[in-house]
Amino acid sequence: MWLPHLLVDRHPGVPPEPSNRHDGQVPELPEVESVRRQLAPRLTGRRIIAVEVTPQARFVRVGECAGRRIEAVGRRGKYLLLPLEGGRELVMHLGMTGSLRFDAPDPYVRATFALDQGTLHFRDVRRFGRLAVVEAGDYAAIPTLASLGPEPLSEDFRPEGLHAALRRSRMAVKPFLLSQRPVAGVGNIYADEALWRARINPHARRIGRDRAAALWAGIRDVLAEAIEREGTTFRDYRMVNGESGRFADFLLVYGQAGRPCARCATPLTKVVLGGRGTTYCPACQRR
DNA sequence: CTAACTACCTGAACGC
DNA sequence: TGCGTTCAGGTAGTTA
């Protein structure tokens with residue numbers, strides 16, 4: 001299970017596990033939102049004194065953070081957006097293995113922000129995460145963010161709008177969702193979960209109004225429930241009870257290939273679609 | 001412009 | 001036991 005490691009160091013002096021598969025659920029919108037909620041009280045109003053980064057192409061103009069105060073901690077889709085004083089904005093994407101931590105650094109820390117109160121580390125085993133400082137609101141250098149769809153839990157995301165977007169696209173529905181254009185923040189895990197809830201085959205290219213509305217509801221419901229579960233996870237985590245909480249049985253499709261569908265008991269099928277592992281029920285998600 | 005494809009990156013799991 | 005191969009996946013850049 002993936003946990004945002006934002007709490008104080010539980011095991012001082014003990015190196016963290018280098019694992020990146022089983023310690024990590026890839027952060028999608030609910031995980032990034034949970035990170036945002038934990039970061040906001042600790043970062044809002046703080047001044048970045050200095051920044052230290054390991055040089056890599058996915059870090060752009062990060063040095064321009066130095067000396068600036070953080071005005072807010074926001075989020076769009078899977079991107080964290082931190083407006084800085086002086087008309088700049090720090091954009092952070094956790095990629096697949098990124099986390100933001102206030103505890104002790106380790107060899108996987110790729111960037112360190114020294115604050116007027118505390119130190120924030122950006123840890124990222126696989127280096128898929130991105131950090132960039134831009135002029136506030138200017139996302140031209142970040143194409144996915146620039147053309148990002150509506151926030152799924154906002155009023156900007158509507159069943160009719162999703163239906164219209166699906167009609168305009170000629171892609172299969174799942175890769176289209178992953179493009180971030182019809183809606184922001186849906187990744188591989190929640191795409192499979194939402195399509196299962198809506199009983200839509202991930203290969204489908206023509207989706208009517210009713211099914212689009214079902215997908216709209218499936219996306220909103222699964223993301224909202226996942227955000228709630230993160231809260232539960234945090235509480236369990238703080239209690240150090242060693243259990244994975246109720247998250248294990250939350251995912252009904254992703255990672256469940258071969259196991260019976262929770263609706264009809266047909267074994268779930270796994271295929272590769274658009275280069276991504278895709279699990280669905282061949283019976284209740286017929287084409 | 002849209003869609004399809006590939007590179008990037010790393011450690012775990014797997015096969016022999 | 002050891003070593004080489006495969007896999008996972010979000011985004012950006014390139015190509016058709």
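Naming: A, B, ... by sequence-line order, numbering from 1 per chain.
As a whole-Å value, the separation of A:Met171 CE from B:dA3 P is 6 Å. Rounded to an integer number of Å, the gap from A:Leu94 CG to C:dG9 C1' is 14 Å. For the pair A:Arg170 CZ and B:dC1 C1', the computed distance is 10 Å after rounding to whole Å. A:Gln56 places its CD atom 15 Å from the C1' atom of B:dA7, with the value rounded to the nearest Å. The nearest whole Å value for the distance from the CG atom in A:Leu166 to the P atom in B:dT2 is 15 Å. Rounded to an integer number of Å, the gap from CG of A:Asp192 to C1' of C:dG9 is 12 Å. Atom CG in A:Leu177 sits roughly 13 Å away from atom P in C:dT11 (whole-Å rounding). Computed from coordinates, the A:Arg168 CZ to B:dA3 C1' distance equals 16 Å when rounded to whole Å.
Salt-bridge annotation for A:Asp116 and A:Arg46: present, with a side-chain N of the basic residue lying under 4.0 Å from a carboxylate O of the acidic one.
Heavy-atom neighbours of A:Glu52 CD from other residues, nucleotides or ligands within 6.0 Å: at or below the threshold of 12.
Proximity of A:Leu195 to A:Leu177: side-chain heavy atoms (C-beta onward) are separated by under 4.5 Å at one or more points. A:Phe102 has its side chain out of reach of A:His121: every pair of non-hydrogen atoms, C-beta onward, lies at least 4.5 Å apart.
Across all strands, A:Gly277 comes closer than 4.0 Å only to sugar-phosphate atoms, never to a base (heavy-atom distances). At a threshold of 4.0 angstrom between heavy atoms, the contacts of A:Tyr139 with the nucleic acid are absent. Nucleic acid contact for A:Lys174: none, since no nucleic acid atom lies under 4.0 Å from a heavy atom of the residue.
Side chain of A:Thr144, nearest nucleotide from B:dA4, B:dC9, C:dT11: C:dT11. For A:Tyr79, the side-chain atoms get nearest to C:dT11 when compared with the rest of C:dG9, C:dT11, B:dG11. For A:Phe128, the listed nucleotide lying nearest its side chain is B:dC8; candidates were B:dC8, C:dT11, C:dA12. Minimum atom distance to the side chain of A:Arg276 is reached by C:dG10, of the listed C:dG10, B:dC9, C:dG13. With C:dG9, C:dT11, B:dT10 as the choices, the nucleotide that has an atom nearest any side-chain atom of A:Lys78 turns out to be C:dT11. Relative to the side chain of A:Tyr254, the nucleotides B:dT10, C:dA12, C:dG9 differ in distance, and C:dG9 lies closest. The side chain of A:Pro143 approaches C:dA12 more closely than any other nucleotide in the set C:dA12, B:dA3, C:dG10. For A:Tyr108, counting side-chain heavy atoms from C-beta on, the closest listed nucleotide (B:dC8, B:dA3, B:dG11) is B:dG11.
A perpendicular orientation is assigned to the rings of A:His93 and A:Tyr79, their planes being inclined by more than 60° (bins at 30° and 60°).
Within the structure, a side-chain polar atom (N or O) of A:Gln180 is placed less than 4.0 Å from OP1 or OP2 of C:dT11. Taking 4.0 angstrom as the limit, A:His93 places none of its side-chain polar atoms (N or O) nearer than this to OP1 or OP2 of C:dG10. For B:dT2, the OP1/OP2 oxygens have no side-chain nitrogen or oxygen of A:Ser169 closer than 4.0 Å.
The residue among A:Arg181 and A:Gly274 whose nearest nucleotide of DNA chain B is located toward the 5' end is A:Arg181.
On a pure distance criterion of 3.5 Å, a polar donor-acceptor pair joins the side chain of A:Arg58 and the base of B:dC8. A donor and an acceptor atom sit less than 3.5 Å apart, one in the side chain of A:Arg126 and one in the base of C:dA8.
Annotation: cation-pi pair A:Arg181/A:Phe176 absent, no NZ/CZ under 6.0 Å from the ring centroid and within 45° of its normal.
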